[in-house]
Amino acid sequence: AMKDMYDFCRKITGTAEGQRMIISAWSISHGDTDHYRGFTRFIQAYHKDFDLKNVIYNFEIDNGTSYHFRRVTRHFPNVRYYKPHTGERFSIAGVNFDVLYTTEDRYSPSSSNTLTPHDSSCIAADYLNYNNTSTVFKMSFDGKTMILSGDIFKADAILMKMYPAS
């Protein structure tokens, strides 16, 4: 799978073999191991073939994930880390991204920022499901729009609760 990703990166960047690719940003939707470890394994295998400018993520860096993020910084000491928040908008290479949902949205504005079992004030119905820490983006380019939902569970219900008029 990593070689396929490498080949895909070469193809979409139009960079010939032997030349360093420029990856403007790599987004990690949430802190499950199948998301961030795949990224850091790719870095470990192919870091000599590209320059990484930014990493986008919004999840807690703990003892398990910090090792992997240190690996990224070791190979790309000038990489910038960006933590998006709901309501923000940014552009990369002419593609617009609206941040629709982040892990902070699991908590109600009046909560103590702790997850309490059966707390119906949390926006995510199944708020203990770690997939609901996924960052959700609306991506717009050339008149087309797409939702990048990560692994969020029941994304439609969560987003409809947050954006009922949409």
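Sequential numbering from 1 along the given sequence is applied to the chain's residues.
Counting heavy atoms from C-beta on, the side chains of T102 and K83 never come closer than 4.5 Å. Contact annotation: the side chain of V99 never approaches that of H85 to less than 4.5 Å [non-hydrogen atoms, C-beta and beyond]. Here the side chains of F137 and I56 are in contact, with some heavy-atom distance below 4.5 Å. Between K144 and F141 there is no side-chain heavy-atom pair separated by less than 4.5 Å. Residues F90 and Y82 have side chains in contact (heavy-atom distance under 4.5 Å, counting atoms from C-beta outward). Side-chain contact between T135 and S27 is absent, with no heavy-atom pair separated by less than 4.5 Å. A heavy-atom distance below 4.5 Å is found between the side chains of Y36 and I28.
Across all their heavy atoms, L52 and V72 have their closest contact at CD2-CG1, 4.1 Å. Taking each heavy atom of S134 and S149 in turn, the nearest pair found is CB-O, 3.7 Å.
In this structure, M5 places its CE atom where only 12 or fewer heavy-atom neighbours from other residues, nucleotides or ligands lie under 6.0 Å away.
The distance from the CZ atom of R41 to the CZ atom of R37 is 6.5 Å, given to the nearest 0.5 Å. Atoms OH and CD1, from Y46 and I43 in turn, are 12.5 Å apart once rounded to the nearest 0.5 Å. Considering OG1 of T133 and OH of Y101, their distance stands at 7.5 Å, rounded to 0.5 Å. Within the model, atoms NE2 of H75 and OG1 of T40 stand 9.5 Å from one another, a figure rounded to the nearest 0.5 Å.
In the hydrophobic clustering of ILVMFWY residues, with side-chain heavy atoms under 4.5 Å counting as a link, I92 and I12 come out apart. Hydrophobic clustering keeps L100 apart from V95 (ILVMFWY residues linked when any side-chain heavy atoms are closer than 4.5 Å, directly or through intermediates). Residues I152 and M139 fall into different hydrophobic clusters, defined by Ile, Leu, Val, Met, Phe, Trp and Tyr side chains chained together at heavy-atom separations under 4.5 Å. Linking ILVMFWY side-chain heavy atoms closer than 4.5 Å, directly or via other members, places V55 and I22 in two distinct hydrophobic clusters. The hydrophobic clustering, which links ILVMFWY residues whose side-chain heavy atoms are closer than 4.5 Å, places F97 and I147 apart.
The ring pair (Phe, Tyr, Trp, His ring centres under 6.0 Å) contacts involving residues 12-34 comprise W26-F39, W26-F42, H30-H35, where partners must be two or more places apart or lie in separate chains. Screening residues 13-25 for salt bridge (Lys or Arg N to Asp or Glu O under 4.0 Å) gives R10-E17, R20-D51 as the qualifying pairs, with residues at least two apart or on separate chains.
When D98, N96, L148 are each tested for a side chain to side chain contact (heavy atoms under 4.5 Å, CB included) with K138, only one passes: D98.
Using a 4.0 Å cut-off between charged nitrogen and carboxylate oxygen, K11 and D7 do not count as a salt-bridge pair.
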